Amino acid sequence: MNDAGYDVVIVGAGIVGAACAEEFARRGMRVAIVDRDFVGGGATAAGMGHIVVMDDSEAQFALTRYSQCLWQSLRADLPDEVEYEQRGTIWVAADEDEMAEVRRKHQYYRTRGVPTEVLGAVELKKLEPNLREGMVGGLLVPEDAVLYPPCAAGFLVEKAQQQGARLRLGKVMIQAGRGVVGFSDGSKITAGLIVNAGGAWAAELMPGVEIKKRKGHLVITDRYPGFLRHQLVELGYLKSAHSLSSDSVAFNVQPRKTGQVLIGSSRQYGAEHTGVDHDILNRMLSRAEQYMPGIRNLAAIRTWTGFRAATRDKLPLIGPWAGDSSLFLATGHEGLGITTSLATARLLVDQVTGARPEIPIEPYLPLRANQEHGHA
Ligand SMILES: Cc1cc2nc3c(=O)[nH]c(=O)nc-3n(C[C@H](O)[C@H](O)[C@H](O)COP(=O)(O)OP(=O)(O)OC[C@H]3O[C@@H](n4cnc5c(N)ncnc54)[C@H](O)[C@@H]3O)c2cc1C
């Protein structure tokens, strides 16, 4: 069976594809969204769901903050199962060097309109009594939130469907170009635009797209309400998240609405298998125990892995792909795709409709990667 006559077909029903489907459908376009598996089943099912403002670069800050504000404006509509909670992040400082980073970050955020509070050791201990003794302080970012990503993706796809979008599951895309998407069952969908929202598999969908898989592990515990109140992240996380080659772990823990504690996180390149790597898992858990010794007494009920879609410059690819005016990318979000999904969708649709974007789009255009690496 062939589907014809869509304005846009989105390949990938993770949180990014879901957000794009909703945004295009709301603007009155005829949308199809397709996935080989199910909605929110890729990295979206594996992610922590931390809606976080980050300041690795001005472009990263602009995208994360813009998208966080879009999540805030959607908050009233989100159903309970999305588990959206504005918990706030505390960036934990273990020594005076990290406390200097707390002050730098505070200044950076404050001058750009993001509320933050510098915490001393006593205030930090009061807010998070299960942190070990001797922490120097931290930075509270109260507007950061958490949510449950697969249900958020499901909510966005349903919204898109209510506005006329068609969902096609069990369709493995094997080819795309010149307005036609071909699937392994021999069927085709034609559309004016094709959006590659294939996450870590985006490079397999379109030759020349430069995306590397970056594997991550997470552990979830049984229910311990009150054990943890904020999303806690060590300041060393920034160093480990930035490394482009080596494996790394960092203390990064999240309280779920259920009372469960989600423990992360790890980063590995070149690890293609989906299985749990016990060496890096043990490193990750002992890092968490160094910051919160009580974690060793919590019962873990599940461990899983997922693949982040990493680009060289740590910014996503949002916009047209070279050489074929029907092809667009919405991928490469590494560890921030839950946060930045809504802004990605807005920026993509703005480009297609010619609307003025809320933030400069240039840092995210796929063209930059082409120019850098000499592709056509
Ligand atoms: C351990 C871990 C923790 C994370 N924590 C956070 C966090 O706290 N906050 C945050 O903002 N982000 C976080 N992330 C990142 C976030 O999960 C991803 O950036 C985001 O889920 C990417 O969404 P996506 O829609 O681009 O990709 P995906 O969710 O991977 O979706 C891609 C979809 O494409 C489909 N697909 C692929 N190939 C084909 C094909 N040939 N035919 C049809 N369909 C295809 C797949 O089935 C999949 O459903 C984390 C990631 C990991 C791994």
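Positions are given from 1 along the sequence. First listed ligand is number 1; within each ligand, the first listed atom is number 1. Everything quoted here is computed from the prediction, not taken from an experiment.
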Nitrogen or oxygen atoms of [X] and ligand 1 under 3.5 Å apart:
{"X": "W201", "value": "no"}
{"X": "L205", "value": "no"}
{"X": "G337", "value": "yes"}
{"X": "F38", "value": "no"}
{"X": "G12", "value": "no"}

Closer than 3.5 angstrom, by distance alone: can the side chain of [X] be matched with the main-chain N or O of [Y] as a donor-acceptor pair?
{"X": "Y6", "Y": "I33", "result": "no"}
{"X": "R368", "Y": "P363", "result": "yes"}
{"X": "T305", "Y": "T274", "result": "yes"}
{"X": "Q231", "Y": "R87", "result": "no"}
{"X": "E98", "Y": "A94", "result": "yes"}

Proximal ligand 1 atoms for [X], defined as those under 4.0 Å from one of its heavy atoms:
{"X": "K171", "answer": "42 (N), 43 (C)"}
{"X": "V16", "answer": "23 (O), 24 (P), 25 (O), 26 (O)"}
{"X": "D37", "answer": "47 (O)"}
{"X": "V172", "answer": "42 (N)"}
{"X": "G306", "answer": "53 (C)"}
{"X": "G42", "answer": "29 (O), 30 (O), 49 (O)"}

Hey, could you give me the CG/SG distance between L348 and C20, rounded to the nearest 0.5 Å?
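Spacing of CG (L348) from SG (C20) equals 5.0 Å.
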Kindly work out whether a path of hydrophobic side-chain contacts (I/L/V/M/F/W/Y, heavy atoms less than 4.5 Å apart) joins [X] to [Y].
{"X": "L218", "Y": "L228", "answer": "no"}
{"X": "M48", "Y": "L78", "answer": "no"}
{"X": "W304", "Y": "L298", "answer": "no"}

In the protein, what heavy atom is nearest to [atom], and what distance, to one decimal place, separates them?
{"atom": "atom 13 (C) of ligand 1", "result": "G335 O, 3.2 Å"}
{"atom": "atom 47 (O) of ligand 1", "result": "D35 OD1, 2.7 Å"}
{"atom": "atom 42 (N) of ligand 1", "result": "M173 N, 2.9 Å"}
{"atom": "atom 11 (O) of ligand 1", "result": "T339 N, 2.7 Å"}
{"atom": "atom 27 (O) of ligand 1", "result": "G199 CA, 3.5 Å"}
{"atom": "atom 28 (P) of ligand 1", "result": "A43 N, 3.5 Å"}
{"atom": "atom 29 (O) of ligand 1", "result": "T44 OG1, 2.5 Å"}
{"atom": "atom 37 (C) of ligand 1", "result": "R36 CZ, 3.5 Å"}

More than 12 foreign heavy atoms under 6.0 Å from CG of D77: is that the case here?
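More than 12 within 6.0 Å, yes.
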With a 4.0 Å cut-off on heavy atoms, does [X] reach ligand 1?
{"X": "L336", "result": "yes"}
{"X": "G49", "result": "yes"}
{"X": "S265", "result": "no"}
{"X": "Q254", "result": "no"}

Check the pair R75, Q72 against side-chain hydrogen bond (donor to acceptor under 3.5 Å, both in side chains), reporting the backbone distance first and the verdict last.
CA-CA 5 Å; R75 183 179 186 165; Q72 283 169 357; over 6 Å; no
My understanding is that we take every heavy atom of each candidate and find the minimum distance to atom 9 (N) of ligand 1. Doing that for R214, R267, H333, H50, which one comes out nearest?
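Going through R214, R267, H333, H50 one by one, H50 has the nearest heavy atom to atom 9 (N) of ligand 1.
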Does D55 come within less than 4.0 Å of R104, counting only side-chain N to carboxylate O?
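Salt bridge flag = yes for R104 with D55.
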Ignoring hydrogens and angles, state whether a donor on the side chain of K171 or S187 is under 3.5 Å from an acceptor on the partner side chain.
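Yes, side-chain donor-acceptor contact under 3.5 Å.
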Check step by step if side chain to side chain contact (heavy atoms under 4.5 Å, CB included) holds for R346 and E23.
CA-CA 7 Å; R346 280 281 168 104; E23 192 72 41; 3.1 Å; yes
